Amino acid sequence: MVLSATLTFLRRVYQLAVRAVLWALWSYKSPARPLRPITDPLLVQPAHVLAEWIRGGKVTSYAVVKAHVDRIGAVNPVLNAVVDDRFRQALAEAREVDRALDSCSPEEKERLAASKPFLGVPFTTKENVRVKGLSHTGGLVARIGRRANEDAVVVRLMKAAGAIPMCVSNVPELGLWWETANRVYGRTSSAHDSSRTPGGSSGGEAALLASCGSPLSIGTDVGGSIRVPAYCSGVYGHKPTSGWVSLEGAGLYTEKLKKGGVLVAGPLGRCVKDLILSLQVLAPQDATGLMDKIEKTQLSKTKVWWAEELDSPLFSPVDFRLRNLLHKVLHFLDHSNAAYVAKWPLDMSDAYQVWSNKMADDYSGEPSLTCDMTDRKGEVSLAREWFLWLTGRGRHTFPTLFQAVLHKASGQKKEPETSPFYWKTYQEKFKEVLGNDGVLILPVLPIISPYHNEPILNPFDICYTAMFNAIEFPSTAVTLGQTSDNCPIGLQIVTTPGNDHLSLAVAKVLEKKFGGWVPPFEVQIPSSSKKDS
């Protein structure tokens with residue numbers, strides 16, 4: 001007990017020192033660069049509203065796509081989020097949508113709401129998700145110049161729903177870190193503050209969403225890569241039930257991965273309804289009728305569990321503002337007739353070991369990280385790569401090299417099912433408590449708005465989300481406003497496999513109560529131009 005208290009105290013001192021040093025460094029080195037104000041009302045609308053306006057003839061698809069192309073041109077010099085684009089093709093496809101709609105009857109337009117819910121609406125996705133003709137390097141120097149020769153299934157499904165891909169956005173090297181930076185395209189900054197990270201690995205997507213460069217995004221998540229960027233950027237993100245969304249083409253080397261597992265693909269958006277509609281498109285078999293299911297979900301029949309922290313000195317202490325927010329949310333839900341609100345009874349301090357066990361199980365038989373670093377054309381010499389990095393000529397980022405060393409040091413792993421941290425054991429324990437009518441609410445990260453490079457100093461904080469990749473539970477990241485210094489703040493809502501409607505239903509309730517997405521810049525739209533969303 002004394003040792004644990006001492007370690008926790010030292011961890012808190014360490015975290016305070018880290019934040020103080022990084023604040024001083026970035027304040028001196030690179031003062032925050034604010035984004036341009038928005039004057040076009042189209043840019044602040046959710047994707048589903050834009051789709052309604054396009055179908056109803058209030059606005060053309062061309063105008064919507066053009067507005068977002070122009071916005072990207074204004075914000076990308078600050079964010080460095082977009083790495084390759086198809087703007088010209090997107091504008092041509094928008095004109096085709098407008099021509100097709102001109103010849104549609106009102107009845108036909110109504111039917112399009114069901115068959116093509118995002119008709120004429122632009123969307124974006126991360127660079128390691130294949131979009132035909134666009135860059136597909138995964139931030140890996142060995143893949144410079146590589147382009148996708150076909151669309152990923154998630155992209156094909158969005159296009160079938162009428163959506164128009166505009167560009168691909170930046171990712172960490174190999175998509176394996178929770179800060180978005182690589183040696184091919186550089187580092188991406190938060191839309192809220194250019195000295196901070198938008199998270200990773202879907203950081204480029206979250207930065208675009210938050211800056212209104214994109215109304216809708218598709219990401220992937222192996223340890224928090226949808227929820228962490230959503231949280232850091234003040235938007236919404238949903239990690240679906242494992243296996244719901246096809247992974248074909250949604251990564252550099254996803255072909256051999258089994259359906260379901262630690263890796264998933266899913267949506268990010270600026271409102272919960274966009275997440276729901278997107279998930280119905282991306283998971284046509286499992287998410288059919290999801291909206292109706294959510295509307296029928298009753299809070300009075302939903303059990304709410306909560307956890308403030310994972311309770312280990314391995315992780316950063318939870319920021320007091322997150323604790324206060326969590327209890328504010330719980331107070332609201334308790335007084336909104338939730339079935340009951342109770343503290344989570346199970347230990348989660350072993351989150352890193354459980355996630356590592358799941359990774360070993362899912363990637364058993366796959367090439368090593370040192371092999372992936374060569375684009376699976378041999379293995380890198382870590383000694384040589386470290387020398388190059390130390391002399392400023394590195395071809396790989398520090399996080400990738402560090403992880404490669406850890407993988408080498410771990411050697412041949414035992415069979416995952418023989419481990420005391422076997423993920424299926426934890427999955428069953430969590431299922432038993434949550435059942436089919438419960439959600440668990442807890443932080444996405446224990447810290448607020450990490451500075452650039454801060455994830456390197458707190459690498460295990462990702463376990464707040466990675467734990468639920470390990471046990472294959474769906475989870476929704478909800479943004480719940482901003483702190484007094486204008487940093488986005490929010491929580492995640494976890495539920496059991498197949499019950500995505502529960503976390504999304506609670507997310508809708510919280511969105512309505514707490515107000516949803518807050519623009520990280522001025523919105524200078526004349527009153528006469530504003531429209532209700």
Side-chain angles (χ1 to χ4, degrees), residues 1 3-5 7-8 11 223-224 227 239 241-242 297-320 322-358 419-446 460-478 490-503 505-507 509-510:
M1 184 69 74
L3 178 61
S4 177
L7 289 174
T8 299
R11 190 66 173 81
R227 290 154 293 157
K239 180 190 96 69
T241 292
S242 296
T297 299
Q298 298 177 38
L299 192 59
S300 61
K301 295 181 179 179
T302 304
K303 299 171 184 174
V304 177
W305 299 90
W306 59 273
E308 284 186 349
E309 58 189 353
L310 300 190
D311 198 23
S312 167
L314 194 64
F315 317 120
S316 297
V318 174
D319 192 293
F320 74 93
L322 282 169
R323 293 180 188 272
N324 291 343
L325 175 66
L326 174 61
H327 288 285
K328 188 176 179 181
V329 165
L330 296 172
H331 178 80
F332 164 68
L333 292 174
D334 194 27
H335 285 75
S336 299
N337 298 317
Y340 66 79
V341 177
K343 188 174 183 180
W344 184 247
L346 300 181
D347 178 30
M348 294 190 286
S349 61
D350 297 326
Y352 175 71
Q353 293 93 323
V354 178
W355 182 67
S356 296
N357 177 275
K358 175 63 170 173
S419 167
F421 306 110
Y422 187 38
W423 66 272
K424 281 190 178 179
T425 303
Y426 282 78
Q427 184 188 63
E428 290 306 314
K429 288 179 181 178
F430 279 54
K431 278 183 178 179
E432 189 176 338
V433 175
L434 276 178
N436 288 316
D437 58 356
V439 298
L440 166 62
I441 303 179
L442 74 164
V444 176
L445 289 175
F460 300 107
D461 286 355
I462 193 70
C463 292
Y464 274 75
T465 51
M467 179 68 181
F468 304 105
N469 291 78
I471 60 175
E472 301 185 347
F473 278 25
S475 175
T476 308
V478 294
L491 299 166
Q492 65 174 321
I493 307 163
V494 180
T495 189
T496 44
N499 289 315
D500 297 54
H501 65 283
L502 287 179
S503 66
V506 175
V509 170
L510 296 183

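The first residue of the sequence shown is numbered 1, and numbering continues consecutively from there. Please read these numbers as outputs of a predicted model, since none were measured by experiment.
- By the side-chain hydrogen bond (donor to acceptor under 3.5 Å, both in side chains) test, T8 pairs with no residue at all, sequence neighbours left out.
- The two residues V318 and P443 have their closest heavy-atom pair at CG1-CG, 4.3 Å.
- Scanning for side-chain contact (heavy atoms from CB on, under 4.5 Å) contacts around L502 gives T297, T302, V439, T495, N499, with sequence neighbours left out.
- Listed by first and then second residue, the salt bridge (charged side-chain N to carboxylate O under 4.0 Å, His left out) pairs that reach into residues 422-440 are K303-D437, sequence neighbours excluded.
- Going from atom CG of L299 over to atom CZ of F332 covers 7.5 Å, rounded to the nearest 0.5 Å.
- Across all non-hydrogen atoms, the minimal contact from G435 to T496 is O-OG1, 2.8 Å.
- For D500 (side chain) and T241 (main-chain N/O), a donor-acceptor pair under 3.5 Å exists by modelled atom type.
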Stepwise side-chain contact (heavy atoms from CB on, under 4.5 Å) check, L491 with W306: CA-CA 11 Å; L491 299 166; W306 59 273; over 6 Å; no
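- With rounding to the nearest 0.5 Å, the separation of OG1 in T425 from CD in Q427 is 9.5 Å.
- A centroid separation of less than 6.0 Å is found between the aromatic rings of W344 and F430.
- In this structure S242 satisfies the side-chain hydrogen bond (donor to acceptor under 3.5 Å, both in side chains) test with no other residue, sequence neighbours excluded.
- In this structure a side-chain-to-backbone donor-acceptor pair under 3.5 Å is missing from R227 to A477.
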Residue pair L510, L333: steps toward the side-chain contact (heavy atoms from CB on, under 4.5 Å) verdict: CA-CA 9 Å; L510 296 183; L333 292 174; 4.1 Å; yes
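- Under the ring pair (Phe, Tyr, Trp, His ring centres under 6.0 Å) criterion, Y422 pairs with no residue at all, not counting sequence neighbours.
- To the nearest 0.5 Å, the span separating OG on S312 from CZ on F460 amounts to 9.5 Å.
- Rounding to the nearest 0.5 angstrom, the gap separating the CD atom in E309 from the OG atom in S349 is 10.5 Å.
- In plain terms, the two heavy atoms of A338 and V304 that are nearest each other are CB-CG2, 4.0 Å.
- Applying the salt bridge (charged side-chain N to carboxylate O under 4.0 Å, His left out) rule to pairs touching residues 311-320 yields D319-R321, sequence neighbours excluded.
- Q492 contributes a side-chain N or O that, together with a main-chain N or O of Y464, makes up a donor-acceptor pair within less than 3.5 Å.
- Nearest approach of L434 to F473, heavy atoms of both residues: CD1-CE2, 3.8 Å.
- For T476, the side-chain contact (heavy atoms from CB on, under 4.5 Å) criterion is met by H238, L275, V478, S503, L504, A507, not counting sequence neighbours.
- F468 contributes atom CZ, which lies 15.0 Å from atom NZ of K358 (distance to the nearest 0.5 angstrom).
- Residues meeting the salt bridge (charged side-chain N to carboxylate O under 4.0 Å, His left out) test with D350, sequence neighbours left out: none.
- Side-chain atoms of D461 do not come within 3.5 Å of backbone N or O of L445 as any donor-acceptor pair.
- Distance CE/M467 to CG/L442: 10.5 Å, rounded to 0.5 Å.
- Counting only residues at least two apart or in different chains, side-chain hydrogen bond (donor to acceptor under 3.5 Å, both in side chains) contacts with residues 324-337 comprise E308-H327.
- In this structure Y340 satisfies the ring pair (Phe, Tyr, Trp, His ring centres under 6.0 Å) test together with W305, sequence neighbours excluded.
- Taking each heavy atom of I471 and W423 in turn, the nearest pair found is CG2-O, 3.8 Å.
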side-chain contact (heavy atoms from CB on, under 4.5 Å) assessment of N469 paired with K239: CA-CA 9 Å; N469 291 78; K239 180 190 96 69; 3.7 Å; yes
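- Residues satisfying the ring pair (Phe, Tyr, Trp, His ring centres under 6.0 Å) criterion with F421, sequence neighbours excluded, are absent altogether.
- Here N357 pairs with nothing under the side-chain hydrogen bond (donor to acceptor under 3.5 Å, both in side chains) rule; sequence neighbours left out.
- The heavy-atom pair separating C463 from F315 by the smallest distance is CB-CE2, 3.6 Å.
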